[in-house]
Amino acid sequence: MTTPIPIPPAPLHGTGRHRALKAAAVLALTAGLTLGDLTMAGAAQAATLGDGIAAQALGQYTSDNAEVRKRRYEGAADGVNAKNNCNFYTGFWTDPRNRRFDGTSAPRTGTNGAACGKSKGYMYVNGTKTWTTANWKSRAWCSDFAKYTWYWGGAKVTGLNASAASFRDYGRANGTWHTRAQVEAKAYVPKKGDVVSYDWNADGVIDHVGVLTAYSTRYKAYFSVEGNSSDKLTYKNTKQSATSRYVVGYTSPRPL
């Protein structure tokens, strides 16, 4: 069992302590503060690519915007988790209006037979950043989420697709793939904005990916936000071992 890393106390106001704690976590991760034993990057690194990606990932989970909050669940975009793979992020990438349309299609019907919902979000339409309705689509979406955070965080996303394995392929093609063995040997230190790749069955197949939002060199542990984790968007804010047997490696982003 992992031990939660404490979040510094935050003033109790607004909608309550739970939201205040989440807000404190976001500020810490983006402004160089410390979450218990987890030390963040200093002010000199505040504008790095990894910081921007981590902020995007956390923002998707902690946002108070009603439309963004719908993205945390699969289904009909009504705040109820239908667990049917319908999600905003796949809808974003498969929308032909989107400047970054990925050229693929996905069903508008979930794995439970129900129609996918829809919600609003930003995308570039006809060259203009537009707050517009996106029709949710149904497919495994951990990679679609991670790619989304890289895109809005300012990273190169060419070569990435709906396959979780595409992040390892991207890393190998761009010279930014780092294996678990390299982390164990201290030849590489994972960073905010990296994408961690998992293989649940030790069969060489990448089954899942997540976006790192913080890393502790002391504990070789990280926090992450992961799409399609337990059928929803999940913020994993406990110490996850960077050298777990399920971890295959880490891909760092390239700037545009």
Side-chain angles (χ1 to χ4, degrees), residues 14-15 19 22-23 26 52-164 166-167 195 208-211 213 225-235 253 256:
T15 57
R19 184 168 296 173
K22 289 198 298 182
V26 174
I53 293 168
Q56 284 292 331
L58 279 166
Q60 296 300 296
Y61 186 85
T62 61
S63 175
D64 288 332
N65 182 282
E67 295 297 303
V68 177
R69 290 185 67 82
K70 294 174 183 177
R71 304 174 191 174
R72 291 174 61 177
Y73 305 99
E74 296 180 355
D78 58 2
V80 176
N81 195 16
K83 301 182 179 181
N84 64 358
N85 270 353
C86 289
N87 73 97
F88 166 83
Y89 303 99
T90 298
F92 174 88
W93 292 114
T94 58
D95 192 323
R97 300 172 302 156
N98 187 358
R99 180 179 69 180
R100 292 302 311 219
F101 171 48
D102 70 1
T104 69
S105 62
R108 280 276 292 146
T109 302
T111 54
N112 63 353
C116 296
K118 55 188 176 182
S119 61
K120 292 184 180 295
Y122 279 115
M123 67 176 70
Y124 279 89
V125 179
N126 297 324
T128 301
K129 188 177 180 181
T130 305
W131 183 253
T132 185
T133 298
N135 289 321
W136 291 22
K137 302 287 184 67
S138 178
R139 71 182 177 197
W141 53 283
C142 62
S143 181
D144 283 335
F145 168 74
K147 182 181 172 184
Y148 182 92
T149 67
W150 274 24
Y151 170 62
W152 288 111
K156 172 186 174 183
V157 296
T158 303
L160 296 175
N161 55 50
S163 168
S166 69
F167 277 90
V195 165
H208 182 64
V209 292
V211 182
T213 57
V225 180
E226 302 182 6
N228 203 17
S229 177
S230 299
D231 306 301
K232 60 185 177 180
L233 185 64
T234 302
Y235 177 30
L256 292 172

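Quick note: residue numbers are just sequence positions, from 1.
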Kindly compute the distance separating [atom1] ([X]) from [atom2] ([Y]), expressed to the nearest 0.5 Å.
X      : Y      : atom1 : atom2 : value
Leu160 : Ser143 : CG    : OG    : 6.5 Å
Phe101 : Met123 : CZ    : CE    : 11.0 Å
Asn228 : Leu233 : CG    : CG    : 10.0 Å
Arg100 : Tyr124 : CZ    : OH    : 12.0 Å
Asn81  : Cys86  : CG    : SG    : 11.0 Å
Lys156 : Leu256 : NZ    : CG    : 9.5 Å

Are any side-chain N or O atoms of [X] and backbone N or O atoms of [Y], one a donor and one an acceptor, separated by less than 3.5 Å?
X      : Y      : value
Glu67  : Lys120 : yes
Arg108 : Trp136 : yes
Thr149 : Ala146 : yes

Heavy-atom pair with the smallest gap, counting every atom of [X] and [Y]:
X      : Y      : result
Val209 : Ala164 : CG1-O, 3.6 Å
Thr130 : Thr128 : OG1-O, 2.9 Å
Val225 : Tyr235 : CG2-CD1, 3.8 Å
Phe88  : Ser119 : CD1-OG, 3.7 Å
Val157 : Trp150 : CG1-CB, 3.9 Å
Arg69  : Thr62  : NH1-O, 4.4 Å

Inset, instruction - Report yes if the side chains of Ser138 and Thr111 come closer than 4.5 Å at any heavy-atom pair, otherwise no. - result: yes
Inset, instruction - Tell me, with the steps shown, if Lys83 and Glu74 meet side-chain contact (heavy atoms from CB on, under 4.5 Å). - result: CA-CA 5 Å; Lys83 301 182 179 181; Glu74 296 180 355; 4.3 Å; yes
Inset, instruction - Report the C-alpha distance between Asn87 and Arg71 in whole Å, list the side-chain angles of each, state the deciding distance to 0.1 Å, and finish with yes or no for side-chain contact (heavy atoms from CB on, under 4.5 Å). - result: CA-CA 7 Å; Asn87 73 97; Arg71 304 174 191 174; over 6 Å; no
Inset, instruction - Indicate the ring-plane relationship of Trp141 and Phe145, choosing parallel, tilted or perpendicular according to the 30° and 60° boundaries. - result: perpendicular
Test item: side-chain donor near acceptor, [X] and [Y], under 3.5 Å:
X      : Y      : answer
Asp144 : Thr90  : yes
Thr132 : Arg97  : yes
Arg139 : Thr104 : yes

Inset, instruction - Would you indicate whether Lys70, at its atom NZ, is surrounded by more than 12 heavy atoms from other residues, nucleotides or ligands within a distance under 6.0 Å? - result: yes
Inset, instruction - Mind checking side-chain contact (heavy atoms from CB on, under 4.5 Å) for Asn112 and listing every partner two or more places apart, or none if nothing turns up? - result: Ala82, Asn84, Ala114
Legend entry - Centroid-centroid under 6.0 Å between Trp131 and Tyr122 rings: yes
